[in-house]
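Notes follow once the structure below has been shown.
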Amino acid sequence: MDQEQESRYSVKSRIGDLAFFGGTPAFEDALHVGRPNIGNRRKFDERVHDILDRKWLTNAGIYVKEFERRIAEYAGVEHCIATCNATIALEIVIRALGMAGEVIVPAFTHVVTAHVLQWLGIIPVFCDIDARTHTIDPNQVDRLISSRTTGILGVHLWGRPCDIEALSDIAKRRSLKLVFDAAQALGCTYGGRMIGSFGTVEVFSFHATKFLNSLEGGAIVTNDSELARKVRLMKNFGFAGNDSVECIGTNGKMNEVSAAMGLTNLESVTDFISINRRNHKQYQDGLAGLDGVALLPYQEERSCNYQYVVLEVDESKTMLTRDQVMRILHAENILARRYFYPGCHRVEPYRTLYPNAHLHLPETECVAARVLTLPTGQVITPRIISAICNIIRTVIKNAEEIGKLLQGMPAN
Ligand code: T4K
């Protein structure tokens with residue numbers, strides 16, 4: 001975002017100023033949710049040159065090994081196995097643990113959390129969330145356990161940890177595997193401990209849009225040495241040596257350039273957190289006092305990566321739907337996202353397989369209709385956030401009139 005563009009932001013106070021109603025879009029270039037955070041480019045270049053000089057591009061090279069060491073250290077866990085992405089990592093973990101039959105999973109998450117189960121022939125049993133935290137509701141987990149249940153797959157959504165204590169109790173009591181999809185939660189804590197060593201095993205994502213990216217990438221982290229050995233084999237076709245295959249496997253390896261990117265970005269995590277935190281606080285202050293819109297707060301007593309700015313639009317108070325607010329923001333080139341709409345249970349193949357699933361997922365339904373995530377990260381400056389908050393305030397303050405103008409317009 002260049003200074004010229006920044007200096008153009010003018011205060012929008014009237015409906016006619018809004019781009020949707022004929023005004024000039026606030027931003028010339030689209031503002032995306034999920035622009036990558038990038039650390040020291042010179043350091044990354046040096047690493048890439050070194051990789052090319054060494055002619056060792058993948059298959060447990062030195063950068064992957066160092067990345068695994070550093071992630072294990074950062075997350076306070078014994079073993080880290082780097083992978084090509086979190087999706088494959090989850091599949092490997094689920095297979096390695098022998099999960100089968102039914103596994104309980106929240107309906108409000110990226111669809112891949114359900115897909116990895118379905119892909120392996122396991123039934124994802126959709127559980128509701130706690131609307132206050134957006135994470136799986138342990139009370140309902142208990143009720144969904146059947147004789148076919150083999151595990152719980154919790155998701156630390158937005159980097160907000162699940163109720164790990166309650167889920168661990170249930171898993172112990174009912175002899176279930178407990179796996180955490182921690183794709184969004186590197187750098188976050190629970191009970192003073194870093195996410196990474198809870199449950200039987202946890203999985204991180206280092207996709208471009210994540211708090212820490214390795215271009216594409218993921219990691220399996222665990223304190224279970226036997227499981228670590230097994231997943232290390234499984235992510236390398238099951239090879240234990242050149243000619244020795246010990247188990248079924250796949251290609252889940254991380255490459256050296258991804259590890260170089262991951263290492264470089266890991267050196268800047270403190271900066272990433274402070275930028276995200278500053279942005280979050282500014283959004284919070286900028287939107288304070290508006291009736292019907294609120295940011296999902298992060299718990300101050302916990303460390304967090306603040307990678308997601310999650311706005312909730314309560315239609316009953318704003319008189320505007322989340323989707324109407326989104327359309328107005330999009331016209332300004334603010335590409336807010338309605339993650340994870342409409343919930344896993346309402347997309348294929350689950351919508352067809354479980355047409356009545358929504359009946360026991362009231363909180364998921366409600367939250368999925370409210371959430372709008374806003375742009376943050378390195379490229380989002382305080383001036384950009386001021387401009388975004390100004391637009392949201394203008395929209396909400398003129399909601400009644402805007403609602404009338406939108407009446408009769410097609411929904412998309
Ligand atoms: N579990 C959970 C709970 C997850 O959220 C995810 C992934 C996974 C598991 C699986 O992790 P991986 O297998 O991917 O490691 C994005 C990411 O693609 C996805 O990784 C992530 N969750 C999810 C929350 O966000 P989309 O559909 O929003 O991706 P996309 O391509 O639309 O990217 C969003 C925006 O980011 C773009 O509009 C522009 C910007 N962008 C994106 C890329 C790739 C950039 O500016 N630069 C880029 O390089 O899912």
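Here the structure is a predicted model, which means the values were calculated and not measured. First listed ligand is number 1; within each ligand, the first listed atom is number 1.
The presence of a protein heavy atom under 4.0 Å from atom 47 (N) of ligand 1 is confirmed. In this structure, atom 18 (O) of ligand 1 has protein heavy atoms in its sub-4.0 angstrom surroundings.
Remark: aromatic rings of H115 and Y350 are close, center separation under 6.0 Å. Between Y306 and H280, the ring centre distance stays below 6.0 Å.
When heavy-atom distances to ligand 1 are checked against a 4.0 Å cut-off, E216 has no atom that comes that close, whether in backbone or side chain. Only the side chain of Y308 comes within 4.0 Å of ligand 1, counting heavy atoms alone; its backbone N, CA, C and O stay farther away. Within the 4.0 Å heavy-atom criterion, the part of T109 lying near ligand 1 is the side chain and not the backbone.
Ring orientation note: the planes of F237 and F239 are nearly perpendicular, at an angle over 60° on the 30°/60° scale. Using cut-offs of 30° and 60° for the angle between ring planes, the W158 and Y339 rings count as tilted.
Taking the ring axis of Y341 as reference, the NZ or CZ atom of R322 stays within 45° of it and closer than 6.0 Å to the ring centre.
By the 3.5 Å distance cut-off applied to N or O atoms, H32 is counted among the residues near ligand 1. At under 3.5 Å, a nitrogen or oxygen of G34, whether backbone or side chain, sits near a nitrogen or oxygen of ligand 1.
A salt bridge is absent between E68 and K253; no separation between the charged side-chain nitrogens and carboxylate oxygens falls under 4.0 Å.
Taking every heavy atom of G217 and a limit of under 4.0 angstrom, the matching atoms of ligand 1 come to 15 (O).
The residue among A114, A208, P106 with a heavy atom at the shortest distance from atom 43 (C) of ligand 1 is A208.
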